[in-house]
**Student:** 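If you scroll down you'll find the structure; I have some questions about it.
Quick caveat: nothing in here was measured; it's all calculated off a predicted structure.
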Amino acid sequence: MPASLSGIARLAPVASSALYAWATVADFDFSLEPDQTISAGGLTFTDQITGLPVVFAAANGAAIVSGKLVLSPAAGSQLSVTNGSTDTAARVDVALASLFAAYDGEALALGASLSAVTLGENGEAFGLMVNGPVRMGGGTLGHGYSAEIRHNGTNPVRSTRYQSGSTGVQALSTAAYASARALALRVDGFRPVACYGTAEADALTPETLAYTGPGGIYGSNSGGSPLGASGARLGLFVCGGATSGPDVSFTRFILRALKAL
């Protein structure tokens with residue numbers, strides 16, 4: 001063997017690994033929307049990523065007012081707390097497939113920003129929700145989970161709502177929390193986690209928010225995890241206390257996905 005070749009090191013195979021980055025796959029900026037009220041059971045928003053209109057199902061007090069999505073709950077309105085057939089909260093939601101048709105199990109981060117709001121009485125709540133084909137509150141087959149702020153009779157606290165084999169809410173922290181300006185639900189391949197921010201801009205990169213606790217539980221009687229089931233839905237809701245309100249004004253609704261570059 002020539003001396004010039006004898007010193008050539010054998011090269012080990014190079015392991016290839018895909019690079020990933022978070023990307024915005026749907027973005028609804030309510031400051032750009034004209035005033036509108038519910039029509040044919042829905043509200044239509046423009047996805048700033050595609051430029052296309054998307055119809056969200058809407059009910060029980062939802063409207064675009066002066067560049068904000070305002071959810072106005074009636075007195076006593078709730079979403080699947082003690083009864084799996086309770087669906088009276090003010091809400092909007094939309095099929096995941098309408099926001100991210102190419103979804104194939106990627107890690108997701110759903111975020112929303114809102115104007116300052118004060119919760120004053122037991123049962124008042126607002127939050128993000130992930131539902132199965134049948135919404136939480138839609139009967140025994142409805143399942144899902146939330147990241148929310150809920151008044152527990154003493155203070156507003158960070159909470160999660162769930163419907164599966166059972167139904168209810170669970171405090172993620174007992175500390176009073178009245179400064180939420182952003183909410184996030186992140187599903188990173190392990191379990192959903194609930195995240196909170198004190199600035200509206202936090203909603204633009206919901207995957208960066210530190211999580212407070214696990215968001216609800218996976219559905220057990222209607223197809224497993226809502227995101228793993230056909231027809232998963234994403235949305236926003238507001239519940240009332242003994243009296244009507246509070247109105248909650250959302251400013252942004254955004255969906256991010258961890259995608260291969």
**Student:** I'd like to know if the side chain of Thr24 and the backbone of Ala26 have a donor-acceptor N/O pair within less than 3.5 Å.
**Tutor:**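 Side chain of Thr24 to backbone of Ala26, a donor-acceptor pair under 3.5 Å: no, none is there.
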**Student:** Quick check: closest heavy atoms across Thr243 and Glu121, and the distance to 0.1 Å?
**Tutor:**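 Distance-wise, the nearest heavy atoms are N-OE2, 2.7 Å.
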**Student:** Do Tyr145 and Tyr103 belong together in a cluster built from hydrophobic side chains that touch within less than 4.5 Å?
**Tutor:**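 Same cluster.
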**Student:** Do the side chains of Val94 and Leu99 get nearer than 4.5 Å, heavy atoms only?
**Tutor:**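 In short, these two side chains touch, coming nearer than 4.5 Å.
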**Student:** SG of Cys195 to CG of Leu183: how many Å apart, nearest 0.5 Å?
**Tutor:**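 Output value for this atom pair is 9.5 Å.
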**Student:** Quick one: do Val130 and Ile254 end up in the same hydrophobic cluster if we chain Ile, Leu, Val, Met, Phe, Trp and Tyr together by side-chain heavy atoms under 4.5 Å apart?
**Tutor:**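 Not linked; separate clusters.
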**Student:** Verify side-chain contact (heavy atoms from CB on, under 4.5 Å) between Val117 and Phe126, making sure each step is shown before the conclusion.
**Tutor:** CA-CA 10 Å; Val117 59; Phe126 59 87; 3.3 Å; yes
**Student:** Are Arg91 and Phe237 in a cation-pi contact, defined as NZ or CZ under 6.0 Å from the six-membered ring centre and within 45° of the axis?
**Tutor:**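 Not flagged: Arg91 not positioned over aromatic ring of Phe237.
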**Student:** Whether the Glu200 and Thr251 side chains hold a donor-acceptor pair (N or O, under 3.5 Å, no angle test) is what I'd like checked.
**Tutor:**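 Side-chain D/A pair, Glu200 to Thr251: present.
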**Student:** Between Thr50 and Leu52, is there a donor-acceptor pair closer than 3.5 Å when you use the side chain of the first and the backbone of the second?
**Tutor:**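 Answer holds: yes.
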**Student:** Does any donor atom in the side chain of Ser159 or Gln170 lie under 3.5 Å from an acceptor atom in the other side chain?
**Tutor:**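 No, no side-chain donor-acceptor pair sits under 3.5 Å.
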**Student:** With heavy-atom distances below 4.5 Å as the criterion, would you say the side chains of Ile64 and Val70 are in contact?
**Tutor:**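 Result no, sub-4.5 Å side-chain heavy-atom pair not found.
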**Student:** Treating Arg150 as the side-chain partner and Ala125 as the backbone partner, does any N or O pair qualify as donor plus acceptor under 3.5 Å?
**Tutor:**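 No, the answer is negative, given that no donor and acceptor are paired below the 3.5 Å cut-off.
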**Student:** Specify whether Phe45 and Phe56 have parallel, tilted or perpendicular ring planes, treating 30° as the upper limit for parallel and 60° as the lower limit for perpendicular.
**Tutor:**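 If you compare the ring of Phe45 with that of Phe56, the planes turn out tilted.
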**Student:** Mind checking whether Leu234 and Asp93 have side chains closer than 4.5 Å, heavy atoms only?
**Tutor:**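 Side-chain contact under 4.5 Å: no.
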**Student:** Tell me whether Asn155 contacts the main-chain N or O of Val157 through its side chain, where contact means a donor paired with an acceptor under 3.5 Å.
**Tutor:**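 Side chain of Asn155 to backbone of Val157: no pair is present.
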**Student:** At what distance, to the nearest 0.5 angstrom, does OG of Ser249 lie from CG of Leu114?
**Tutor:**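 These two atoms lie 8.5 Å from each other.
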**Student:** Is the backbone of Ala75 close enough, under 3.5 Å, to the side chain of Ser244 for a donor and an acceptor to pair up by distance?
**Tutor:**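 Answer holds: no.
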**Student:** Considering all heavy atoms of both residues, which atom of Pro214 and which atom of Thr160 are nearest to each other, and what is their separation?
**Tutor:**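 Pro214 and Thr160 have their closest heavy atoms at O-CG2, 3.9 Å.
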**Student:** Would you name the heavy atoms of Pro73 and Pro246 that are closest together and state the gap between them?
**Tutor:**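 Shortest heavy-atom separation between Pro73 and Pro246 comes out as CD-O, 3.3 Å.
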**Student:** Any side-chain heavy-atom pair from Arg161 and Cys239 closer than 4.5 angstrom?
**Tutor:**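 Yes, at least one pair of side-chain atoms sits under 4.5 Å.
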**Student:** May I ask whether Phe253 and Ile149 are part of the same hydrophobic cluster, defined by side-chain heavy atoms of I, L, V, M, F, W, Y residues being less than 4.5 angstrom apart, directly or through others?
**Tutor:**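 Result: yes, single cluster for both.
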**Student:** Go through the steps for Leu32 and Gln48 under the test side-chain contact (heavy atoms from CB on, under 4.5 Å), then give the verdict.
**Tutor:** CA-CA 9 Å; Leu32 303 177; Gln48 298 303 310; 3.6 Å; yes
**Student:** Closer than 3.5 angstrom, by distance alone: can the side chain of Glu207 be matched with the main-chain N or O of Arg256 as a donor-acceptor pair?
**Tutor:**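 No, because the side chain of Glu207 does not come within donor-acceptor range (under 3.5 Å) of the backbone of Arg256.
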**Student:** Any link between Leu204 and Trp22 through a network of hydrophobic side chains (Ile, Leu, Val, Met, Phe, Trp, Tyr) touching at under 4.5 Å?
**Tutor:**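 In one cluster with Leu204: Trp22, no.
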**Student:** So Thr88 and Gln78, side chain to side chain donor-acceptor pair (under 3.5 Å) or not? Walk me through it.
**Tutor:** CA-CA 5 Å; Thr88 55; Gln78 286 294 320; over 6 Å; no
**Student:** Rounded at 0.5 Å granularity, tell me how far CG in Asp29 sits from CG in Leu69.
**Tutor:**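 It comes to 12.0 Å.
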**Student:** Minimum heavy-atom separation for Ala58 and Leu43, please, with both atom names.
**Tutor:**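 That would be CB-CG, 3.9 Å.
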**Student:** Is any side-chain heavy atom of His143 closer than 4.5 Å to a side-chain heavy atom of Asn131?
**Tutor:**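 Side chain of His143 against side chain of Asn131, heavy atoms only: no contact under 4.5 Å found.
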**Student:** Side-chain heavy atoms under 4.5 angstrom apart, residues restricted to Ile, Leu, Val, Met, Phe, Trp, Tyr: same cluster for Val134 and Leu79?
**Tutor:**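 Different clusters: Val134 never reaches Leu79 through Ile, Leu, Val, Met, Phe, Trp or Tyr contacts under 4.5 Å.
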**Student:** Taking Ser146's backbone N and O only, do any of them form a donor-acceptor pair with Glu148's side chain (distance below 3.5 Å, no angle check)?
**Tutor:**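 The answer is no, because no donor-acceptor pair under 3.5 Å joins these two groups.
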**Student:** I need the minimum non-hydrogen distance between Val25 and Ala257, along with the two atoms involved.
**Tutor:**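 For Val25 versus Ala257, the nearest heavy atoms are CG1-CB, 4.0 Å.
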**Student:** Thr198 and Arg181: side-chain donor and acceptor closer than 3.5 Å?
**Tutor:**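 Checked: Thr198/Arg181 side chains show no N/O donor-acceptor pair below 3.5 Å.
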**Student:** Find out whether Leu108 and Arg186 are in side-chain contact, i.e. whether some heavy atom of one side chain is under 4.5 Å from a heavy atom of the other.
**Tutor:**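 Leu108 does not reach Arg186 side chain to side chain.
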**Student:** Out of Val81, Thr86, Asp87, which residue meets the side-chain contact (heavy atoms from CB on, under 4.5 Å) rule with Asn83?
**Tutor:**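 In the set Val81, Thr86, Asp87, the residue that makes a side-chain contact (heavy atoms from CB on, under 4.5 Å) with Asn83 is Thr86.
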**Student:** Verify whether one side chain among Ser80 and Gln163 offers a donor that lies under 3.5 Å from an acceptor in the other.
**Tutor:**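 Yes.
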**Student:** Using the rule given for side-chain contact (heavy atoms from CB on, under 4.5 Å), can you reason through Tyr196 versus Leu209, listing the C-alpha separation, both sets of side-chain angles and the distance that settles it, and then say yes or no?
**Tutor:** CA-CA 7 Å; Tyr196 302 85; Leu209 292 178; over 6 Å; no
**Student:** Enter the distance from Met129:CE to Leu236:CG here, rounded to the nearest 0.5 Å.
**Tutor:**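 The distance works out to 7.0 Å.
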**Student:** For residues Leu172 and Ala194, report the shortest heavy-atom separation together with the two atoms involved.
**Tutor:**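 Closest approach of Leu172 to Ala194: CD1-CB, 3.6 Å.
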**Student:** Flag the pair Asp27 / Arg252 as yes when at least one side-chain heavy-atom distance between them is below 4.5 Å, and no otherwise.
**Tutor:**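 A side-chain contact exists here, since the closest heavy-atom pair is under 4.5 Å.
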**Student:** Establish, from distance only, whether the side-chain atoms of Asp247 and Ser72 form a donor-acceptor pair under 3.5 Å.
**Tutor:**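 Present: a donor and an acceptor within the cut-off.
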**Student:** Measuring centre to centre across the rings, with the benzene-like ring taken for any Trp, is Phe30 within less than 6.0 Å of Phe250?
**Tutor:**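 Centroid distance Phe30-Phe250: not below 6.0 Å, so no.
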**Student:** For a 4.5 angstrom cut-off between non-hydrogen side-chain atoms, does Phe28 reach Asp47?
**Tutor:**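 Result yes, sub-4.5 Å side-chain heavy-atom pair found.
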**Student:** Taking atom types as modelled and ignoring hydrogens, do the side chains of Lys68 and Ser31 form a donor-acceptor contact shorter than 3.5 angstrom?
**Tutor:**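 Per modelled atom types, Lys68 and Ser31 side chains form no pair under 3.5 Å.
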